[in-house]
Participant: 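Starting off with a structure, shown below.
The analysis underlying the following values was restricted to heavy atoms, covering all of them including side chains, and did not include hydrogens, waters or symmetry mates.
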Amino acid sequence: MSLTDSVQNKQPGVITCKAAVAWGPGEPMMIEEVELSPPQSMEIRVKVVCTSLCRSDVTAWLSQAQASIYPRIFGHEASGIVESVGEGVTEFVEGDHVLTLFTGECMSCRHCTSGKSNICQVLGLKRDGVMHGDQKTRFSIKGKPVYHYCAVSSFSEYTVVHSGCAVKVSPIAPLDKICLLSCGAAAGLGAAWKVANISEGSKVVIFGLGTVGLSVAQGAKMRGASQIIGVDMMQEKCEKAKAFGVTDFLNPKDTDEPIPQVINRLTGGGADYAFECIGDTGMVTTALQSCCDGWGLTVTLGVPKQKPEVTAHFGLLLNGRTLTGSLFGGWKPKSEIPSLVEMYLKKEIELDDLITHTLPFEDINTAFDLMKNGTCLRCVIHMPEIEGFPMAGN
């Protein structure tokens with residue numbers, strides 16, 4: 001990768017680096033040389049150190065729904081080091097360790113100041129392939145635009161993000177582990193703690209035992225839940241699930257009885273809390289049916305692969321059940337994610353056992369295959385070392 005002389009003189013300019021470019025939905029990533037613009041006003045340019053593959057990357061990549069947003073660089077769950085800052089940025093300096101954020105926090109909009117929401121009106125989830133500020137891309141190949149994903153695009157040696165979509169973290173935190181707090185692990189913990197606010201002695205059911213579901217289980221265990229039922233079609237997840245707090249493992253293939261009836265029997269009337277972590281809107285109804293009357297709460301976290309509409313019989317709600325969604329576990333990204341990093345450093349939360357695979361950047365298509373096949377929880381992709389930038393664990 002080459003940097004212009006202006007970067008060496010601390011004046012950011014265009015750089016050329018390698019990125020994994022998707023040229024169409026479902027097509028293999030191609031490692032290409034891309035040009036990356038300098039950070040604009042209130043933006044920072046980040047040397048990506050590690051980036052983990054999230055299920056939502058795979059879902060978006062396979063989707064035909066936004067086929068026009070190509071070529072595109074996916075990736076949003078990442079850790080890195082600030083390489084340069086744009087005009088107006090005061091909270092970051094070169095060399096800061098950061099996590100990227102797929103949804104930001106401006107600190108001043110109605111939602112950010114409400115104390116009730118983490119859905120920033122200024123720096124919220126970006127679906128259209130461009131940056132928040134000028135609605136343009138920072139990546140290009142031979143003068144033609146390459147589009148972003150979630151305004152992060154971490155499957156690149158370098159990327160540019162809005163300063164409100166990054167958070168400074170402790171320099172002693174291992175970048176190859178805490179990248180999971182950039183999305184999946186934080187989403188699960190927050191769903192348990194902030195969204196559901198699980199109470200001690202409660203009964204919990206979790207549909208889908210991937211990174212998010214296991215993080216929900218970890219959060220429920222730490223809150224003192226008396227019963228944590230994990231539901232998954234892959235039997236091999238059973239032992240891992242129990243290590244994260246699951247007390248009862250249920251494989252739907254092992255029973256002819258409807259799952260809600262099984263859960264009703266196991267819990268003596270239904271779970272206090274149900275979490276849908278699969279991305280299947282049909283499963284949302286199953287989760288609602290698995291809750292108890294009166295106060296049963298269903299939290300949906302998964303990104304649907306198809307059929308985004310949710311349907312449910314009104315009687316489930318009339319009898320006191322509640323359905324709610326959760327984006328990033330309800331965390332205010334810049335304000336609260338550093339506390340999770342500190343918890344990890346104090347060994348109060350577990351991340352390491354969520355990482356089942358590590359791969360070099362050039363093997364990114366293998367990571368996608370592993371996730372598609374359901375054979376990994378999180379695959380952490382290590383970016384190439386570049387002189388002057390300490391890498392993961394350093």
Participant: Restricting to pairs with a member in residues 283-293, which pass side-chain hydrogen bond (donor to acceptor under 3.5 Å, both in side chains), not counting sequence neighbours?
Facilitator: Asp293-Arg321

Participant: Report the C-alpha distance between Leu327 and Phe102 in whole Å, list the side-chain angles of each, state the deciding distance to 0.1 Å, and finish with yes or no for side-chain contact (heavy atoms from CB on, under 4.5 Å).
Facilitator: CA-CA 10 Å; Leu327 180 69; Phe102 70 91; 3.7 Å; yes

Participant: Side-chain heavy atoms under 4.5 angstrom apart, residues restricted to Ile, Leu, Val, Met, Phe, Trp, Tyr: same cluster for Leu370 and Ile381?
Facilitator: no

Participant: Do the side chains of Arg55 and Asp57 get close enough for a salt bridge, i.e. N-O under 4.0 angstrom?
Facilitator: no

Participant: Would Phe74 and Phe155 satisfy ring pair (Phe, Tyr, Trp, His ring centres under 6.0 Å), going step by step from the backbone distance to the final call?
Facilitator: CA-CA 6 Å; Phe74 286 101; Phe155 296 159; 7.5 Å; no

Participant: Kindly give the cluster partners of Leu250, where membership spreads through any ILVMFWY side chain lying under 4.5 Å from a current member.
Facilitator: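 Direct or chained contacts put Leu250 with Val205, Phe207, Ile229, Val231, Ile259, Val262, Ile263, Leu266, Ile278, Met283.
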
Participant: Quick one: do Lys334 and Glu91 make a salt bridge, cutoff under 4.0 Å?
Facilitator: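 Judged by the 4.0 Å cut-off on N to carboxylate O distance, Lys334 and Glu91 do form a salt bridge.
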
Participant: Between Lys332 and Glu105, does any side-chain N to carboxylate O distance fall below 4.0 Å?
Facilitator: no

Participant: Measure from the ring center of His382 to the ring center of Phe361 and say whether it is less than 6.0 Å.
Facilitator: no

Participant: For Glu239, what residues pass the salt bridge (charged side-chain N to carboxylate O under 4.0 Å, His left out) criterion, not counting sequence neighbours?
Facilitator: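 Glu239 satisfies salt bridge (charged side-chain N to carboxylate O under 4.0 Å, His left out) with no other residue.
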
Participant: Mind checking whether Leu301 and Val303 sit in one hydrophobic cluster, side chains of I, L, V, M, F, W, Y counted as touching below 4.5 Å?
Facilitator: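 Leu301 does not cluster with Val303.
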
Participant: Kindly write out the residues that satisfy ring-ring contact (aromatic ring centres under 6.0 Å, His included) with His148, not counting sequence neighbours, or none if the list is empty.
Facilitator: Phe139

Participant: Assess the residue pair Met383 and Ser156 against the criterion (side-chain contact (heavy atoms from CB on, under 4.5 Å)); give the C-alpha distance rounded to whole Å, side-chain angles, the decisive distance to 0.1 Å, and a yes or no.
Facilitator: CA-CA 8 Å; Met383 305 304 289; Ser156 173; 5.5 Å; no

Participant: Could you tell me which residues satisfy salt bridge (charged side-chain N to carboxylate O under 4.0 Å, His left out) with Lys221, sequence neighbours excluded, listed by chain and number?
Facilitator: none

Participant: Nearest 0.5 Å, what's the CD1-CD distance between Ile206 and Glu276?
Facilitator: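 Spacing of CD1 (Ile206) from CD (Glu276) equals 12.0 Å.
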
Participant: Sorted by first residue and then second, give each side-chain hydrogen bond (donor to acceptor under 3.5 Å, both in side chains) pair with at least one member in residues 345-370; sequence neighbours left out.
Facilitator: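 Matches after skipping sequence neighbours: Tyr344-Asp352.
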
